[in-house]
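Shown next, in structure tokens, is the structure this report addresses.
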Amino acid sequence: MYKRTRFYDFTYYNFIGSWAWILHRLSGLALIFYLSLHIWVINSLTYGEKTFNDVMTFLNSPLFKLLEVGLWGVILFHAFNGARIVIVDFFKGSLAHKKLFVALIAAAFVLWALGSFLLLRHAF
Amino acid sequence: MAKIDIHVNILRYRPESDEKPRWQEFAISVDDESTVLDVLNEIHWQHDGTLAYRRSCRSSICGSCAMKVNGRNVLACETPIHRFGRKLKIEPLSGFQIIKDLVVDLDPFFEKLQRIKPYLILDKSLPDKEFVQTPAQLEQIGESTLCILCAACSAACPSSWPNSEYLGPAALLKAYRFVFDSRDDGADQRLEIVNDKNGVWRCHTIFNCMEACPKKIKITEYLSRLKLKVVENSL
């Protein structure tokens, strides 16, 4: 017999549900990465005021503003899809899961656009 | 009916000579109203008699011919080829070991089914004539009894692919079917079995099972109800 254990079957068609799941996992990993980075950056406080201020000035560059906009998107996706999963599992939402996905992600997008505007207003 | 020319790619595996599965292409002419099973039969009968695949009832009730066609799990016998155009890509179900060509080893699948005790468990004595079940009680489990155990759902489940220990949607659906059966007294036993990291909590509501089910059973919905029941039961 031939054993085909696969981490993920990339040839299988991805429906809305599977995209939501894949993106949820990826955004979760991204958030873990961000959180570690965040703690590491905040750690510069222990090297005194000057180091911290230098780091903060560096992080105020337009590149990091753009990354923040991306981070805001990742947070919103993870939060809103997380809410969808809770609704699906515990509030009888499974039959409407596709509509829920579209509606919640649309809401997340509006918030993302709004937040991005506020973040970038003074950046450039 | 008119004849059309199609290209069929089949993932072949012969245990006696192949180290790993390989693709083989067949260019054949079939009726445009053929099903995937008709195509396989045509190849088996006219082109290559060594092609192995399971089929039995050819009317989507035995659950033998589930396979992956163009990236989706379907029953070969009920799926018309016009859904896919002129190119077919046929593979055995994912997540199972391949015995030969399109035939996979379903033993683990049925072993998991046995684990949730797929039969009525009775504490009370049998009624004199029959169990009385109201239409509402039947309604609750009606759709979940339609499962034909074709394994299309479990083989479509990304939680099952890397983890052979996960009970999978088919076994969990069967657990739902008995837990919510008004005649059954074995709910506590079954809820204990499914309340496990490789039980109902490994279901991440990806909905691939529901998309794959040839009987259109709302599997994920029932698994969610089962999760709620597990939570209710442990409070």
Are more than 12 heavy atoms from other residues, nucleotides or ligands located less than 6.0 Å from atom CZ of B:Phe110?
yes
Under a 4.5 Å cut-off applied to non-hydrogen side-chain atoms, are B:His204 and A:His24 in contact?
no
Without hydrogens or angle criteria, can the side chains of A:Thr11 and B:Lys89 be said to hold a donor-acceptor pair below 3.5 Å?
no
Is it the case that over 12 heavy atoms from other parts of the model lie below 6.0 angstrom from the CZ atom of A:Phe91?
no
Stepwise side chain to side chain contact (heavy atoms under 4.5 Å, CB included) check, A:Met1 with B:Val103
CA-CA 10 Å; A:Met1 273 193 284; B:Val103 180; over 6 Å; no
Just verifying a value: how many Å separate A:Phe15 CZ and B:Met210 CE, rounded to the nearest 0.5 Å?
11.0 Å
Could you tell me the separation between the CG atom of A:Asn14 and the CG atom of B:Asn208, rounded to the nearest 0.5 Å?
7.0 Å
Is there a donor-acceptor pair under 3.5 Å between the side chain of A:Tyr12 and the backbone N or O of B:Cys157?
no
Look at atom CD of B:Glu192 and say whether more than 12 heavy atoms of other residues, nucleotides or ligands are closer to it than 6.0 Å.
no
Whether over 12 other heavy atoms sit under 6.0 Å from B:Trp201 CH2:
yes
Less than 4.5 Å apart, any side-chain heavy atom of B:Phe207 and any of A:Val88?
yes
Chain A shares the most heavy-atom pairs under 4.5 Å, among B:Lys227, B:Glu19, B:Glu91, B:Gln97, with B:Gln97
Over 12 foreign heavy atoms within 6.0 Å of CZ, A:Phe64
yes
Nearest 0.5 Å, please: how far is CG in B:Leu228 from CG in A:Asp89?
7.5 Å
Contacting moiety of B:Lys20, where chain A heavy atoms sit under 4.5 Å
both
Close side-chain approach of B:Asp105 and A:Lys3, heavy atoms under 4.5 Å:
no
Is it the case that over 12 heavy atoms from other parts of the model lie below 6.0 angstrom from the CD atom of A:Glu49?
no
What do the steps show when you test B:Val231 against A:Phe90 for side chain to side chain contact (heavy atoms under 4.5 Å, CB included), and what is the final call?
CA-CA 10 Å; B:Val231 174; A:Phe90 293 116; 4.1 Å; yes
Between B:Leu93 and A:Arg4, the two heavy atoms sitting closest are O-NH2, 3.0 Å
For B:Asp18, which atoms come within 4.5 Å of any heavy atom of chain A: side chain, backbone, both, or neither?
neither
From A:Lys92 atom NZ to B:Glu221 atom CD, the distance as rounded to the nearest 0.5 Å
8.5 Å
Measuring only between side-chain heavy atoms, which start at C-beta, is A:Ser94 closer than 4.5 Å to B:Tyr222?
no
Anything in residues 97-109 of chain A with a heavy-atom distance to chain B below 4.5 Å? Please list those residues in order.
A:His97, A:Lys98
